[in-house]
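Down below is the structure, laid out as structure tokens.
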Protein chains: 2
Amino acid sequence: MTSKALNNTIDSLNQFFPVFQQEQQHIIQQYFLDHARLVEIDKDINLFHQGDSCENYYFLLQGTVKVITASSQGREILLYRIKPGETCVLSTSCMINDRYYPAVGVTETPCKALSVPVPSLIKLLERSTIINQFFLHNFSLRVASLIDLICEVALERLDVRVARHLLQKMDNQHEVSITHDALALEIGTAREVISRQLRTFEKNGWIVTKRGKITLIQIDTLKQLSQGYFS
Amino acid sequence: MTSKALNNTIDSLNQFFPVFQQEQQHIIQQYFLDHARLVEIDKDINLFHQGDSCENYYFLLQGTVKVITASSQGREILLYRIKPGETCVLSTSCMINDRYYPAVGVTETPCKALSVPVPSLIKLLERSTIINQFFLHNFSLRVASLIDLICEVALERLDVRVARHLLQKMDNQHEVSITHDALALEIGTAREVISRQLRTFEKNGWIVTKRGKITLIQIDTLKQLSQGYFS
DNA sequence: CAGTTGAATGTGATATTGTCACTGAAGCAA
DNA sequence: TTGCTTCAGTGACAATATCACATTCAACTG
């Protein structure tokens, strides 16, 4: 990577390493100068497949990536999203254990990322505690979110989960732009199930649905439901 | 901790830090000398509750601990087991982010562990890359297992999951000593559901059930089922 | 040993969720 | 407009979950 290109992304690096200005600054800067490559990726591109091994490691600068896992039967569920300033814990996990990916990563929007080859990153891990701490933090947050997901999927009612999801995804016009199909994937169920759930919500007057769009009407009721206060 | 007590557990420490004999050996040994306390814990003791903050960190030497999370409705699911030579990623996660536990930890057998206060461990993390790498490995393995669990819970049929579980837990007499209730907790469903599933397995001649014990008869059939080859 | 007690398991009725095989509707492009 | 393609709706049925009990077994008590 050229020095100029690094300078262009040096601000972005700070979002990964807020402690960048310390003793190890030089090591890390030099590392990225030597090994990092700035890549741009279109929408709906597979970054990695189920069964791939991990060869390049991405530091996401722009866009979002969804990480999905699928069963043998074809049903899928969204494990988490990677946002700017984050990395993929799965990549980390695979890198450290030299395993295959147990999931698929797909860009949801056009993305920019810093890409570094895994072997060099492993060497860096042995030298810099800051990098280590960065990865620890990353893991730490994601473990918590994965456990939350397990609770939801294994123990919560579907209507509760749908309500939560809608509230989480609504914009400031109280709208969610998503197809039933996509919502089903995120929640880990089938489209028909979502369709029916939304229809009963609509019958209750809680939401209004259009093609590809859901408008939340009775936000408070949905909030109550999302916290399990309802039958 | 006295030097003698440390010597008693220094072999155990090696199972955590196989690279113990290197440059940082002195730092880590000294750390455990200064801060670690050997604790013995009875069976069925809660190490931490949902909502606790993390004050002591355990390195498990003997016994097993199950980590369970519960919904508001009271249903529970087993997230993972901690075995000797392991630590609790949840503790790590809570320690690093200064969060509350999203789950419960209960000893399944009498346990021995090294206990260290969290603040001191955080300081050690800033000095030793070996400790960092240890935690990274730990996280890394657990993330993979959590993702597997999500796949199972969200996407797999119940009979497949029960079959897998039985195969995993059987001893070399092809027996599993467990109550339906406990099995239900591990799989994240209700006892009645497990009872019915086992009964149909038994009708098919795949297993024989006694009170508190299940004997697997047609192992191959169960293996096929566990891999999803069956309807 | 019989009797009691508590844990473990069985069962039917019903509600929720998932699957399958379709039909219909809305938007887009030629 | 016509023909696509994507998105959504529907009924029938299967699988799983929940509830409210009844039953059985094993261990303990006296």
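Here is the naming used below: chain letters follow the sequence lines, and residue numbers restart at 1 for every chain.
- Side-chain contact of B:T69 with B:E76: a donor-acceptor pair under 3.5 Å is absent, judged by distance alone.
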Under 3.5 Å, which N/O atoms of the protein pair with N/O atoms of nucleotides 20-27 of chain D?
residue : atom : partner : partner atom : Å
D:dC25  : O2   : B:R211  : NH2          : 3.1

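- Considering only side-chain atoms of A:R199, the nucleotide from D:dA17, D:dT10, C:dT17 that sits closest is D:dT10.
- Rounded to a whole Å, the CG atom of A:D44 is 13 Å from the P atom of D:dT6.
- What separates CD1 of A:I207 from C1' of D:dA8 is a distance of 13 Å, to the nearest Å.
- Atom CG in B:L225 sits roughly 13 Å away from atom P in D:dA15 (whole-Å rounding).
- Here B:F134 and B:F139 keep their ring centres 6.0 angstrom or further from each other.
- Relative to the axis of its first five pairs, the axis of the last five pairs of the helix from C:dC1-D:dG30 to C:dA30-D:dT1 sits at 20°, rounded to 10 degrees.
- Applying the salt bridge (Lys or Arg N to Asp or Glu O under 4.0 Å) criterion to B:R75, with sequence neighbours excluded, gives no partner residue.
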Quick test: give all pairs of protein nitrogen or oxygen and nucleotides 2-4 of chain C nitrogen or oxygen below 3.5 Å, distance rounded to 0.1 Å.
none

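- Phosphate proximity of D:dT18 to A:R157: absent, as no side-chain N or O sits under 4.0 Å from OP1 or OP2.
- The distance between atom CG of B:L158 and atom C1' of C:dT17, rounded to the nearest whole Å, is 13 Å.
- The nearest whole Å value for the distance from the CD atom in A:Q197 to the C1' atom in D:dA8 is 16 Å.
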Using a 3.5 Å cut-off and no angle test, enumerate the donor-acceptor pairs between side-chain atoms of residues 99-106 of chain B and protein atoms at least two apart in sequence or in another chain.
residue : atom : partner : partner atom : Å
B:Y101  : OH   : B:S91   : OG           : 3.0

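- Listed by chain and number, the residues in a side-chain contact (heavy atoms from CB on, under 4.5 Å) with B:T109 are B:T64, B:C111 (sequence neighbours excluded).
- The shortest heavy-atom contact between A:F201 and A:V162 is CE2-CG1, 3.8 Å.
- Applying the salt bridge (charged side-chain N to carboxylate O under 4.0 Å, His left out) definition to pairs two or more places apart or across chains, none involves residues 89-98 of chain A.
- Counting to the nearest Å, the P atom of C:dT17 and the CG atom of A:L155 are 13 Å from each other.
- Applying the side-chain contact (heavy atoms from CB on, under 4.5 Å) test to B:V193 and every residue at least two apart in sequence or in another chain returns B:L158, B:T189, B:A190.
- For the side-chain contact (heavy atoms from CB on, under 4.5 Å) test, residues two or more places apart in sequence or in another chain that qualify with A:I219 are A:L167, A:M170, A:H174, A:L216, A:K223.
- Residue-level contact check: A:R196 touches the bases, meaning some heavy atom is under 4.0 Å from a base atom.
- The side-chain contact (heavy atoms from CB on, under 4.5 Å) search around A:P117 returns A:H35, A:N56, A:P119, A:S120, not counting sequence neighbours.
- Listed by first and then second residue, the salt bridge (charged side-chain N to carboxylate O under 4.0 Å, His left out) pairs involving residues 179-191 of chain A are A:R81-A:E186, A:K169-A:E186 (not counting sequence neighbours).
- Here the closest heavy-atom approach between residue A:I150 and residue B:L149 is recorded as CD1-CD2, 3.6 Å.
- Under 3.5 Å, the side chains of B:S115 and B:Y57 contain no donor-acceptor pair of N or O atoms.
- In this model, the phosphate group of D:dG9 is approached by a side-chain N or O of A:S195 to a distance below 4.0 Å at OP1 or OP2.
- Of the residues in residues 176-190 of chain B, those with a non-hydrogen atom less than 4.0 angstrom from any atom of DNA chain C are B:T179, B:H180.
- Distance, A:E156 CD to D:dT18 P: 11 Å, rounded to whole Å.
- In terms of heavy atoms, B:A163 sits closest to B:L225 at CB-CD2, 3.9 Å.
- The CD1 atom of A:I214 sits 12 Å away from the C1' atom of D:dC7 (whole-angstrom rounding).
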